[in-house]
Amino acid sequence: MALQSTDVIIIGAGPVGLFAIFECGMMRLRCCVIDALDIPGGQCAALYPEKPIYDIPAHPKILGGELIDQLKCQAAPFKPVYYLGQQVLKLEKNANDLWQIETSLGQQIEAKAVLIAAGVGAFGPNRPPLEHLESFEEKSVFYYVKNREDFRGKNLVIAGGGDSAVDWALSLAEIAKKVTVVHRRSKFRAAPESEAKLQTLAKAGKIDLVVPFQLESLAGQDGVLERVTVKSFEGETREIQAEFLLPFYGLAMDLGPIAQWGLQLNTSHIQIDPKDCSTNIPGIYAIGDIAYYPHKLKLILTGFAEAAHAAYAIRSFVHPGEMYHFEYSTTSGVPAIGAA
Ligand SMILES: Cc1cc2nc3c(=O)[nH]c(=O)nc-3n(C[C@H](O)[C@H](O)[C@H](O)COP(=O)(O)OP(=O)(O)OC[C@H]3O[C@@H](n4cnc5c(N)ncnc54)[C@H](O)[C@@H]3O)c2cc1C
């Protein structure tokens, strides 16, 4: 596979990585973007494409998936080159004194600067420790709801006690045949308003709450789920007829190969200087959920602002000594640049 060259390698095509393409483009920097997932959009696309987000400036309400479509559209004039479905494994200096990455598919790319927008790292769901779980995964057991309609008229078990479990129970109760929520505590960890709604639906018989119980085993054939067995701490077991199990036990955060690149870390995050999003290694910057500094707010809008700061700093790093006149986009328009 031929070595590709660009100005900035962006690791992670989540919302923040996508906006970074735009901000780098405004600085006339070309970008290659790599993501381990098959689609751009990070957590928004993988975990909540159909959930409304309410705190994106100028969008009183926008679905996770819609936000990603808009960000891709905004980045498109800068002709980013996407390398999807491949994880960045290696990052090291090459003989040209440039940063060079290598992906799990063997793609090599070199650039003067690297912008890490890798979110929670190589993220994956926390999976319940159940025997034969793999045979049901992606058939009857799902950790994300990609299309709510898939569950219309079905019997569902939702496991977990946080916001995702409760929000999806409320949402899917509108279309499913039956929703059973299994949680190992009687108290939920969701927003109080959502929990109140859950309790109201439970009292009305629209949702079955099975608490405090834990998942014990799955029964079915060829990945087609028939029953979920749950067990209380006292040893009482119950069988629930279900076609789908949706465990929402949160995300496992694992920096993966990023932890081996010599970056200064702070409990699974990359320590940056918030002034320009630089890391301890010259030419490597980090933004979004993965970047840490005191009082950091892990929000999409925080990542957007960091993308602007980082792009501005990267411009000087890639073109040292070159004068750059900062302009509003209303003045500069969207500059035309060649593909990476
Ligand atoms: C259910 C839920 C609801 C939320 N609601 C809101 C909300 O209302 N408002 C808000 O502001 N935030 C919300 N968030 C948080 C928000 O989604 C995150 O802050 C945001 O996604 C962070 O964006 P990011 O681009 O930094 O990282 P991510 O979205 O995590 O994207 C990072 C990408 O990097 C990729 N990656 C990681 N390591 C590698 C590697 N080595 N090689 C290649 N690719 C790699 C991953 O595959 C991933 O696609 C919510 C989160 C969840 C889970």
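Indexing begins at 1, ligand by ligand and atom by atom, following the structure's order. Counting from 1, the numbers follow the sequence of the chain as shown.
- Ala286 and Ile290 get closest at one heavy-atom pair: CB-CG2, 4.4 Å.
- Between Glu239 and Arg227 there is a salt bridge, with a side-chain nitrogen of the basic residue lying less than 4.0 Å from a carboxylate oxygen of the acidic one.
- Remark: minimum distance from atom 26 (O) of ligand 1 to any protein heavy atom is reached at Asp289 N, 3.0 Å.
- Taking the six-membered ring wherever Trp is involved, the centroid distance between the rings of His183 and Phe188 falls below 6.0 Å.
- The two residues Glu110 and Asn94 make their nearest non-hydrogen contact at OE1-ND2, 2.7 Å.
- Under a 4.0 Å criterion applied to the non-hydrogen atoms of Leu299, ligand 1 contributes the atoms 10 (C), 11 (O).
- Under a 4.0 Å heavy-atom criterion, Gly121 is in contact with ligand 1.
- For the pair Asp222 and Lys139, the tightest heavy-atom approach, listed with the atom from each and the gap, is O-CD, 3.9 Å.
- In terms of protein heavy-atom proximity, atom 9 (N) of ligand 1 is nearest to Asp55 OD1, 2.9 Å.
- Remark: among candidates Pro40, Ala20, Gly14, the nearest residue to atom 31 (O) of ligand 1 is Gly14, based on non-hydrogen atoms.
- With ligand atoms numbered from 1 in the order given, ligand 1 contributes 33 (C), 34 (O), 35 (C) to contacts under 4.0 Å with heavy atoms of Gly12.
- With respect to Asp7 and Lys112, no salt bridge is recorded, no charged nitrogen being found less than 4.0 Å from a carboxylate O.
- The N/O atoms of Gln86, backbone and side chain alike, include none that comes under 3.5 Å of an N/O atom in ligand 1.
- Less than 4.0 angstrom separates some heavy atom of Leu47 from each of these atoms of ligand 1: 53 (C).
- Of the N or O atoms in Ala36, one or more lie within a sub-3.5 Å distance of an N or O in ligand 1.
- At a threshold of 4.0 Å, the pair Arg315-Glu322 counts as salt-bridged, since one of the basic side-chain nitrogens sits closer than that to a carboxylate oxygen.
- In the hydrophobic cluster analysis, where Ile, Leu, Val, Met, Phe, Trp and Tyr join through side-chain heavy atoms closer than 4.5 angstrom, Tyr143 is grouped apart from Trp168.
- Nearest protein neighbour of atom 11 (O) of ligand 1, counting heavy atoms only, is Ile300 N, 2.8 Å.
- Of the candidates Asp35, Ile258, Leu297, the one placing a heavy atom closest to atom 47 (O) of ligand 1 is Asp35.
- Taking the six-membered ring wherever Trp is involved, the centroid distance between the rings of Phe22 and Phe78 falls below 6.0 Å.
- Residue Pro15 places a heavy atom less than 4.0 Å from ligand 1.
- Salt-bridge formation is detected for the pair Glu195/Lys187: a Lys NZ or Arg NE/NH1/NH2 atom is positioned less than 4.0 Å from an Asp or Glu carboxylate oxygen.
- Ranked by closest heavy atom to atom 36 (N) of ligand 1, the top entry among Gly64, Ala46, Gly41, Ala118 is Ala118.
- The protein heavy-atom contact nearest to atom 8 (O) of ligand 1 is Ile53 CG2, 3.4 Å.
- Considering only non-hydrogen protein atoms, atom 30 (O) of ligand 1 sits nearest to Gln43 NE2, 2.9 Å.
- Below 3.5 Å of separation, one finds no N or O of Gly288 facing any N or O of ligand 1.
- When only non-hydrogen protein atoms are considered, atom 42 (N) of ligand 1 lies nearest to Val88 N, 2.8 Å.
- Checked against Asp208 for a salt bridge (Lys or Arg N to Asp or Glu O under 4.0 Å), the options Lys178, Lys203, Arg238, Lys177 give a single hit: Lys178.
- Those atoms of ligand 1 that come under 4.0 Å of a heavy atom in Gly42, given as number and element, are 29 (O), 31 (O), 48 (C), 49 (O).
- Here's the thing with Val16: one of its N/O atoms is less than 3.5 angstrom from an N/O atom of ligand 1.
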Could you go through Thr103 and Gln86, starting from their C-alpha distance and side-chain angles, then the distance that decides it, and tell me whether this counts as side-chain hydrogen bond (donor to acceptor under 3.5 Å, both in side chains)?
CA-CA 6 Å; Thr103 74; Gln86 43 198 310; 2.6 Å; yes
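- Under a 4.0 Å criterion applied to the non-hydrogen atoms of Val120, ligand 1 contributes the atoms 30 (O).
- The option with the heavy atom closest to atom 15 (C) of ligand 1, from among Tyr48, Phe248, Phe304, is Tyr48.
- Counting protein heavy atoms only, atom 27 (O) of ligand 1 is closest to Gly119 CA, 3.1 Å.
- For ligand 1, the atoms lying closer than 4.0 Å to a non-hydrogen atom of Gln87 are 40 (C), 41 (N), 42 (N), 43 (C).
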Please test Gln241 against Asn155 for side-chain hydrogen bond (donor to acceptor under 3.5 Å, both in side chains), starting from the C-alpha separation and ending with a verdict.
CA-CA 7 Å; Gln241 303 296 321; Asn155 291 309; over 6 Å; no
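- No single ILVMFWY cluster, assembled from side-chain heavy atoms under 4.5 Å apart, contains both Tyr285 and Tyr292.
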